[in-house]
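Just so it is clear: chains get the letters A, B, ... in the order the sequence lines come, proteins before strands, and each one is counted from 1.
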Amino acid sequence: MGVSRRSMLAGTAAGVLAPVVGFTGTAAAAGPVRRITLYAEALPDGLYGYGLEPGKATIPGPLLEIYEGDTLEIELVNTTDQRLSIHPHGVNYDTASDGAPLNASFNNPRETRTYTWRTRARYEASGGFWMPGSAGYWHYHDHAMGTDHGTGGLARGLYGGLIVRRRGDLLPSKQYTVVFNDMMINHRMAPDTPMFEANLGERVEWICIGHGSLPHTFHLHAHRWADTRTGMLNGASDNAQVVDNKNLDPGSSFGFQVIAGEGVGPGAWMYHCHVQTHSDGGMAGLFLVRNADGSLPAGAQDAIDRFKQHGHTGHDANPDARTHA
Amino acid sequence: MGVSRRSMLAGTAAGVLAPVVGFTGTAAAAGPVRRITLYAEALPDGLYGYGLEPGKATIPGPLLEIYEGDTLEIELVNTTDQRLSIHPHGVNYDTASDGAPLNASFNNPRETRTYTWRTRARYEASGGFWMPGSAGYWHYHDHAMGTDHGTGGLARGLYGGLIVRRRGDLLPSKQYTVVFNDMMINHRMAPDTPMFEANLGERVEWICIGHGSLPHTFHLHAHRWADTRTGMLNGASDNAQVVDNKNLDPGSSFGFQVIAGEGVGPGAWMYHCHVQTHSDGGMAGLFLVRNADGSLPAGAQDAIDRFKQHGHTGHDANPDARTHA
Amino acid sequence: MGVSRRSMLAGTAAGVLAPVVGFTGTAAAAGPVRRITLYAEALPDGLYGYGLEPGKATIPGPLLEIYEGDTLEIELVNTTDQRLSIHPHGVNYDTASDGAPLNASFNNPRETRTYTWRTRARYEASGGFWMPGSAGYWHYHDHAMGTDHGTGGLARGLYGGLIVRRRGDLLPSKQYTVVFNDMMINHRMAPDTPMFEANLGERVEWICIGHGSLPHTFHLHAHRWADTRTGMLNGASDNAQVVDNKNLDPGSSFGFQVIAGEGVGPGAWMYHCHVQTHSDGGMAGLFLVRNADGSLPAGAQDAIDRFKQHGHTGHDANPDARTHA
Ligand SMILES: [Cu+2]
Ligand SMILES: [Cu+2]
Ligand SMILES: [Cu+2]
């Protein structure tokens with residue numbers, strides 16, 4: 001695949017907690033202006049990726065993270081021979097930063113172009129009706145390769161996560177970006193899907209993104225979250241639904257935080273698409289919750305070894321073949 | 001197609017702000033009784049539509065709008081040679097107004113029949129548990145043509161939007177009905193899909209409805225909304241998820257209001273299904289935000305001209321072919 | 001099919017109101033420990049089911065119901081010659097009770113194994129952010145038959161509903177479990193789908209579960225609910241969306257309560273998948289609301305008789321053929 005697990009995990013963690021890696025904070029009326037350079041690059045096997053440094057492109061691209069009020073200026077360096085762009089969800093941009101060919105907003109081959117994303121807080125419109133702000137678990141993706149909707153770019157790896165936080169939001173100690181894209185997770189299939197790791201009790205954040213043309217449902221074993229902006233409740237009387245399985249369909253995204261292993265202990269926990277033909281076909285991965293001291297819990301290595309047998313097209317339906325597992 | 005853009009947009013705007021066009025307000029215990037006559041008519045090319053006047057049927061049908069507490073009596077005149085009906089979502093009706101052949105509730109060919117829809121406000125059931133009222137962004141559709149589930153009527157254009165407001169809700173200055181129905185938007189494919197227009201700063205309301213047999217996700221560029229009844233938040237601490245992409249699957253509907261161009265400026269903004277094969281296949285349209293004075297913003301005409309090239313089956317994957325756009 | 005409507009309805013009603021049938025309440029620090037024995041059994045026609053007594057397995061399995069804080073110990077007796085398990089959504093379990101072959105958590109043929117599910121209430125994490133508790137409308141299913149994801153078990157009937165209540169929640173007088181699983185409802189197709197019955201004014205609870213590999217939308221005629229944990233609102237200013245149609249995709253579940261026939265009267269009301277090819281293909285059933293005294297309302301028997309004509313593949317598109325209905 002040409003993208004090592006190492007580089008991919010590093011990619012998904014870019015910008016964790018710290019205001020996005022590489023940002024130059026500059027005061028502005030509405031909040032600081034942060035500037036990054038992103039490199040769109042060709043990867044082996046016909047794939048493409050975004051990266052914060054030349055030669056470091058990953059699939060998914062780096063996780064970008066800002067606060068409501070921030071402006072993010074992205075200098076996108078297209079090192080490829082393809083037309084491509086970057087189109088965000090959840091933030092403000094004028095037509096020149098739309099990332100869509102409709103608005104002539106894209107990078108020609110070898111071209112560098114700057115895209116500006118702005119954010120704002122919610123505000124009261126009238127008598128108790130508040131217009132929403134930008135805070136949320138969002139994403140960005142190509143909107144120009146192959147078709148005017150970026151179908152070629154999405155099929156080849158040009159996507160990543162974007163978090164806009166409200167000031168005061170709880171910060172996690174680890175972050176995982178999970179992209180369901182046709183039959184792949186982060187452009188991989190089991191057993192090569194990412195294994196996300198945390199120690200028991202760590203607050204970890206999941207950013208889940210759907211792409212492609214198939215419907216999916218994201219399921220995480222032994223953990224759950226509220227179906228809200230943060231995945232948490234707003235108080236003891238908050239009546240939001242709590243879920244551990246949620247639609248993750250093309251263009252949608254959501255995020256949540258869980259305390260790794262809380263109430264369930266350490267171990268190798270599965271996350272997977274709950275569409276049965278998809279999970280059998282390889283849309284599954286591991287959330288490895290280690291002991292609090294970082295050591296491997298009893299049984300986890302066995303589970304990891306079993307997972308390495310996970311096929312792409314489902315197992316033999318004969319249970320006897322697997323009872324020695 | 002036989003339905004001009006003019007008549008269709010007029011159709012979707014019927015009843016805007018004013019209590020539904022043609023209503024005769026009549027006091028009743030629970031609230032006023034409003035009466036309209038709807039005409040179900042054959043259109044060219046084997047299509048059908050609902051209209052508020054003879055010869056004025058549109059796809060989608062007129063947007064109906066009432067307040068919680070209102071009763072709506074619909075005299076449905078079937079001018080066609082087909083069995084058909086009108087079945088609403090979100091409101092109260094007895095079995096005679098179900099619109100389903102199961103309850104013998106339909107119009108035979110050339111038959112006129114009255115359907116009565118009632119609404120009510122939320123109320124407290126017990127200790128802080130409130131039963132929901134009728135307020136919401138709903139819809140109505142045929143439930144009798146072709147099959148007992150109205151599959152033939154839905155495939156041929158018999159559907160429309162229905163809003164039930166809570167008193168005190170903010171009112172928009174423009175309204176758009178968007179129906180994702182198999183591979184079509186309002187029974188059209190790009191570039192013939194509706195272009196919705198507003199001036200910068202106008203409060204516009206979107207009513208999104210899913211029909212047919214395919215899953216979809218509705219995405220709007222440069223604008224977003226809260227995943228709530230109104231699309232707005234309830235206060236500064238409201239923790240609802242904010243989205244710009246949402247499942248729009250068969251039978252579902254939602255609505256929201258945005259301030260046209262707020263924080264992003266005027267321009268030609270795309271709305272589309274985010275399922276890649278669907279957007280490439282023609283499920284896309286334009287939201288044209290004009291300058292505040294109604295003039296066309298710079299670049300908008302170019303974008304509209306480009307959109308007219310939108311194919312039904314995706315573009316050439318060779319980006320070089322389009323960089324002159 | 002080998003599962004009579006009688007036994008199935010009994011199955012879905014197991015545990016109604018009373019702490020789950022067969023439970024032995026045992027005090028524990030966090031709340032009582034409840035113990036049940038479940039029997040996984042082969043049924044005719046290659047199907048399987050869970051039951052609370054030998055020879056009483058049903059599809060879906062018994063509805064299990066506990067309160068937040070309770071622990072549920074399930075002794076699962078595998079009377080079959082297949083590998084199988086029980087995997088829950090929404091509750092806490094350690095890896096040994098995961099029900100997944102990944103964690104070697106399953107019953108070999110003819111093996112008995114105990115699975116322990118724990119629950120807890122929401123709690124404040126920090127400054128107004130509350131981690132969600134276990135309360136919700138959940139479900140359980142096999143995760144080991146056929147494939148490591150239980151695809152074989154799901155296809156053959158090994159699934160059921162699970163409710164975790166918050167203390168103080170309103171209790172219903174009747175409960176219905178509705179499982180959309182590929183093209184079936186509770187492993188049946190119209191007209192053999194369950195007919196759920198209540199008297200006018202009864203508070204009835206729906207537990208809706210999605211399984212298999214197809215996307216669905218659940219629609220109920222003449223009734224609606226809030227898209228919240230309980231299906232109710234939290235107060236007069238609660239801004240949650242109210243729906244009567246909701247995605248019911250694989251692995252997802254939700255529940256709600258309605259007052260049977262409230263504002264609409266008694267009658268035979270349809271519930272169905274709103275994906276047109278699915279409803280036409282047999283994914284529909286009846287919610288029979290009787291008069292308050294239990295007698296059959298006018299017209300209901302006719303509707304039931306009509307429903308018995310419901311095909312598996314849609315009706316003749318010629319409306320004239322049905323106008324005598
Ligand atoms: Cu999937
Ligand atoms: Cu679509
Ligand atoms: Cu369905």
* To do: Return the option, out of B/Val275, B/Asp302, B/Val264, B/Thr217, with the maximum number of heavy-atom pairs under 4.5 Å with chain A.
  => B/Val264
* Side chain, backbone, both or neither: which part of B/Ile304 has a heavy atom under 4.5 Å from chain A? -> neither
* To do: Tell me, for A/Ser237 versus chain B, whether the close heavy atoms (under 4.5 Å) come from the side chain, the backbone, both or neither.
  => neither
* Between CE of B/Met270 and CG of A/Asp148, what distance do you get to the nearest 0.5 Å? -> 7.0 Å
* To do: Select, from B/Gly265, B/Gly261, B/Ala268, the one with the greatest count of heavy-atom pairs under 4.5 Å involving chain A.
  => B/Ala268
* Structure fact -> For residues 203-216 of chain B against chain A, heavy atoms under 4.5 Å, the residues are B/Arg203, B/Pro215
* Hey, what do you get for CG (A/Asp182) to CD (B/Gln276), rounding to the nearest 0.5 Å? -> 8.5 Å
* Just checking heavy atoms, which of residues 241-251 of chain A are less than 4.5 Å from chain B? -> A/Lys246, A/Asn247, A/Asp249, A/Pro250, A/Gly251
* To do: Please work out which of the three classes, parallel, tilted or perpendicular, describes the rings of B/His221 and A/His143, given edges at 30° and 60°.
  => perpendicular
* Would A/His149 and B/His219 count as having a side-chain donor-acceptor pair, cut-off 3.5 Å? -> no
* Asked: If you measure from CH2 on B/Trp269 to CG on A/Leu102, what distance do you get to the nearest 0.5 Å?
  -> 9.5 Å
* **B/Ala236 versus chain A, the contacting section by heavy-atom distance below 4.5 Å** => both
* Structure fact -> Closest non-hydrogen atoms of B/Ala303 and A/Asn103, given as atom of the first, atom of the second and distance, are CB-OD1, 3.7 Å
* Asked: Does any heavy atom of chain B fall under 4.5 Å from the side chain of A/Tyr137, the backbone, both, or neither of them?
  -> neither
* Asked: Using non-hydrogen atoms and a limit below 4.5 Å, what part of residues 222-229 of chain B faces chain A?
  -> B/Ala222, B/Arg224, B/Trp225, B/Ala226
Return a table of donor-acceptor pairs under 3.5 angstrom between the side chains of residues 126-136 of chain B and protein atoms on other chains or two or more places apart.
unit_1, atom_1, unit_2, atom_2, d
B/Ser134, OG, B/Arg120, N, 3.1
B/Ser134, OG, B/Arg120, O, 3.4

* Structure fact -> When the 4.5 angstrom heavy-atom criterion is applied to B/Pro297 and chain A, the contacting part is neither
* Structural part of B/Asp305 lying under 4.5 Å from a heavy atom of chain A -> neither
* chain A heavy atoms under 4.5 Å from B/Gln257: which part of the residue, side chain, backbone, both or neither? -> backbone
* Structure fact -> Answer key: most heavy-atom pairs under 4.5 Å with chain B among A/His87, A/Met232, A/Arg166, A/Arg118 is A/His87
